[in-house]
S.K.: 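What follows is a structure written as structure tokens; I'll ask about it next.
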Amino acid sequence: MDGDTNIAALGALLSDPRRCRVLLALGDGRALPASVLASEAGVAFSTASEHLGKLLDAQLLCVETHGRHRYYRVAGPHVARLLETLAQYAPAAPVRSLKEGTRAHTVRQARYCYDHLGGRLAVGLMDSLLEREVIIGGDGRFDPVHARDDRFAAPGRDVDYRLGDHGASWLRDFGVDIDAVQTGRRPLIRYCLDWSEQRHHLAGALGAAVARVLFERGWLNPAPRSRAVMVTDVGERALRAQLGVVLNGPR
């Protein structure tokens with residue numbers, strides 16, 4: 001018979017900053033080999049293998065074998081949501097160099113949150129869709145004191161976001177195959193509480209579909225060896241003109 005939940009065991013696992021760096025490196029849904037994750041964690045390959053084994057045992061990671069190579073990824077979107085929720089409470093890491101400062105800025109500007117977008121870009125997109133009533137049911141804001149209908153207990157479920165009357169047609173015009181997205185098994189609209197912006201960003205099947213369109217249009221590019229996402233010059237102009245999303249101006 002199993003006893004009560006053992007939160008301390010998970011806390012002990014995440015108390016090692018090297019394991020946390022591995023999880024953050026995989027938070028965008030990519031599969032990476034141990035050699036790359038060792039570099040991300042700043043440890044030797046043998047040490048990385050030990051940490052990866054512990055994360056596998058805790059079912060936070062899964063592993064895929066391709067020939068002689070093993071690739072690791074987070075075990076699913078629930079792990080990505082766990083990381084985002086923990087980030088809501090975690091203090092900011094100290095910045096000790098210009099390189100670290102630049103990286104921190106890019107992650108907060110735009111990043112992958114598993115298979116959808118997070119950061120200032122994603123919050124701006126959510127606000128734009130709400131303003132155009134493509135999505136209705138909330139205002140994109142998170143108020144931890146007064147918002148009784150927006151709880152951490154069931155992230156992405158409490159606020160009743162749904163398509164507006166003309167939402168499907170707007171999304172088709174934008175390039176989203178909304179019919180295919182709606183018929184999938186995955187919930188159409190979910191949201192995450194964005195840890196860096198303290199507002200909602202779009203998740204679920206629709207969030208992933210919108211992200212794909214932005215990459216296909218060349219508005220976004222993945223940053224090398226990072227969960228950060230880079231907005232191209234074309235993308236910055238198009239986001240401003242078509243969606244009213246301004247990344248470098250005042251909020």
Side-chain angles (χ1 to χ4, degrees), residues 24-33 36 40 64 71-74 76-77 79-81 83-84 102-130 132 134-135 140 156 161 163 167-192 194-197 199-248:
L24 289 174
L26 295 171
D28 59 2
R30 291 177 299 170
L32 295 174
V36 172
E40 288 286 338
E64 304 168 0
Y71 290 83
Y72 298 84
R73 67 167 75 242
V74 293
V79 179
R81 288 197 297 270
L83 295 175
E84 285 283 312
T102 300
R103 183 170 184 173
H105 171 75
T106 56
V107 166
R108 283 166 171 74
Q109 183 90 321
R111 63 181 178 273
Y112 270 115
C113 179
Y114 194 62
D115 62 355
H116 57 275
L117 296 170
R120 189 174 186 182
L121 168 63
V123 167
L125 288 170
M126 184 76 164
D127 287 345
S128 178
L129 295 175
L130 289 169
R132 289 160 173 76
V134 176
I135 297 173
Y161 288 115
L163 288 181
S169 61
W170 189 96
L171 289 163
R172 288 190 191 95
D173 292 340
F174 190 67
V176 174
D177 187 353
I178 188 63
D179 299 312
V181 175
Q182 283 182 306
T183 55
R185 298 180 61 184
R186 186 177 181 184
L188 177 64
I189 298 175
R190 295 284 299 274
Y191 66 92
C192 292
D194 196 278
W195 64 264
S196 59
E197 296 297 303
R199 291 173 64 88
H200 297 164
H201 68 237
L202 181 63
L206 184 57
V210 169
R212 285 195 299 271
V213 169
L214 298 183
F215 280 99
E216 289 168 358
R217 289 187 170 191
W219 294 7
L220 305 178
N221 283 324
R225 297 183 64 175
S226 171
R227 70 187 190 281
V229 169
M230 309 303 295
V231 181
T232 65
D233 291 341
V234 171
E236 187 167 353
R237 292 192 295 269
L239 287 166
R240 182 193 297 263
Q242 298 186 34
L243 296 170
V245 177
V246 181
L247 292 177
N248 296 315

S.K.: Hey, could you give me the CG/NE2 distance between Leu130 and His200, rounded to the nearest 0.5 Å?
M.R.: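 The CG atom of Leu130 sits 10.0 Å away from the NE2 atom of His200.
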S.K.: Without swapping roles, check the side chain of Tyr72 against the backbone of Glu64 for a donor-acceptor pair under 3.5 Å.
M.R.: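 Not a single qualifying donor-acceptor pair exists.
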S.K.: Can you see which heavy atom on Ala209 is nearest to which on Val176, and at what distance?
M.R.: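 Closest heavy-atom pair between Ala209 and Val176: CB-CG1, 3.9 Å.
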S.K.: Report yes if the side chains of Val79 and Leu26 come closer than 4.5 Å at any heavy-atom pair, otherwise no.
M.R.: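 No, every pair of side-chain atoms sits at 4.5 Å or beyond.
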S.K.: Say you draw a straight line from CH2 of Trp219 to OG1 of Thr232; how long is it, rounded to the nearest 0.5 Å?
M.R.: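 Between Trp219 CH2 and Thr232 OG1, I get 9.0 Å after rounding to 0.5 Å.
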S.K.: Out of curiosity, Arg132 CZ to Leu129 CG, how far, rounded to the nearest 0.5 Å?
M.R.: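 Here the interatomic distance stands at 8.0 Å.
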S.K.: Do any pairs count as a side-chain hydrogen bond (donor to acceptor under 3.5 Å, both in side chains) and have a residue in residues 201-211, sequence neighbours left out, and if so which ones?
M.R.: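 For residues 201-211, and leaving out neighbouring residues, the side-chain hydrogen bond (donor to acceptor under 3.5 Å, both in side chains) pairs sorted by first residue read His116-His201, Asp194-His201.
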S.K.: Check Ala31 against Arg73 and note the closest heavy-atom contact, atom names and distance.
M.R.: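 In terms of heavy atoms, the two residues are closest at CB-NH2, 3.4 Å.
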S.K.: Determine, using ring centers only, whether Phe174 and Trp170 are less than 6.0 Å apart.
M.R.: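 Close enough - the centres of the two rings lie under 6.0 Å apart.
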S.K.: Does one side chain, of Arg111 or Thr106, offer a donor that lies under 3.5 Å from an acceptor on the other?
M.R.: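 Result is no, nothing qualifies.
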S.K.: Any chance you could measure Ile135, atom CD1, to Tyr161, atom OH, to the nearest 0.5 Å?
M.R.: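 The OH atom of Tyr161 is 8.5 Å from CD1 of Ile135, to the nearest 0.5 Å.
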S.K.: Compare every heavy atom of Arg30 with every heavy atom of Ala25, then report the nearest pair and how far apart it is.
M.R.: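 For Ala25 versus Arg30, the nearest heavy atoms are O-NH2, 3.1 Å.
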S.K.: Under the salt bridge (charged side-chain N to carboxylate O under 4.0 Å, His left out) rule, what pairs show up with a residue in residues 206-224, not counting sequence neighbours?
M.R.: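 Every pair satisfying salt bridge (charged side-chain N to carboxylate O under 4.0 Å, His left out) with a residue in residues 206-224: there are none.
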S.K.: For Ala205 and Val181, work out which heavy atoms get closest and say how close.
M.R.: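 Scanning both residues, the minimum pair turns out to be CB-CG1, 3.6 Å.
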S.K.: Side chain to side chain contact (heavy atoms under 4.5 Å, CB included) for Gln109 and Leu247? Distances and angles first, verdict last.
M.R.: CA-CA 7 Å; Gln109 183 90 321; Leu247 292 177; 3.5 Å; yes
S.K.: Say whether, by atom type as modelled, one donor and one acceptor occur between the side chain of Ser128 and the main chain of Leu243 under 3.5 angstrom.
M.R.: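 Yes; judged by distance alone, with no hydrogens or angles, the pair exists.
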S.K.: Checking Arg237 against Val234 for the side chain to side chain contact (heavy atoms under 4.5 Å, CB included) test, could you report, in this order, the C-alpha distance in whole Å, the side-chain angles of both residues, the deciding distance, and whether it holds?
M.R.: CA-CA 5 Å; Arg237 292 192 295 269; Val234 171; 3.7 Å; yes
S.K.: Flag the pair Asp177 and Arg172 as a salt bridge only when some basic side-chain nitrogen lies within less than 4.0 angstrom of an acidic carboxylate oxygen.
M.R.: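 Judged by the 4.0 Å cut-off on N to carboxylate O distance, Asp177 and Arg172 do not form a salt bridge.
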S.K.: Please answer whether the main-chain N or O of Gly119 pairs with a side-chain N or O of Ser196 as donor and acceptor at a distance below 3.5 Å.
M.R.: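 Not at all, since once roles are kept as given, no pair shorter than 3.5 Å links the two residues.
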S.K.: What's the verdict on side chain to side chain contact (heavy atoms under 4.5 Å, CB included) for Tyr114 and Leu83, showing C-alpha distance, side-chain angles and the deciding distance?
M.R.: CA-CA 10 Å; Tyr114 194 62; Leu83 295 175; over 6 Å; no
S.K.: To the nearest 0.5 angstrom, please state how far the CG atom of Leu202 sits from the CG atom of Leu117.
M.R.: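 Going from the CG atom of Leu202 to the CG atom of Leu117 covers 9.0 Å.
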S.K.: Using the rule given for side chain to side chain contact (heavy atoms under 4.5 Å, CB included), can you reason through Val231 versus Leu121, listing the C-alpha separation, both sets of side-chain angles and the distance that settles it, and then say yes or no?
M.R.: CA-CA 9 Å; Val231 181; Leu121 168 63; 4.3 Å; yes
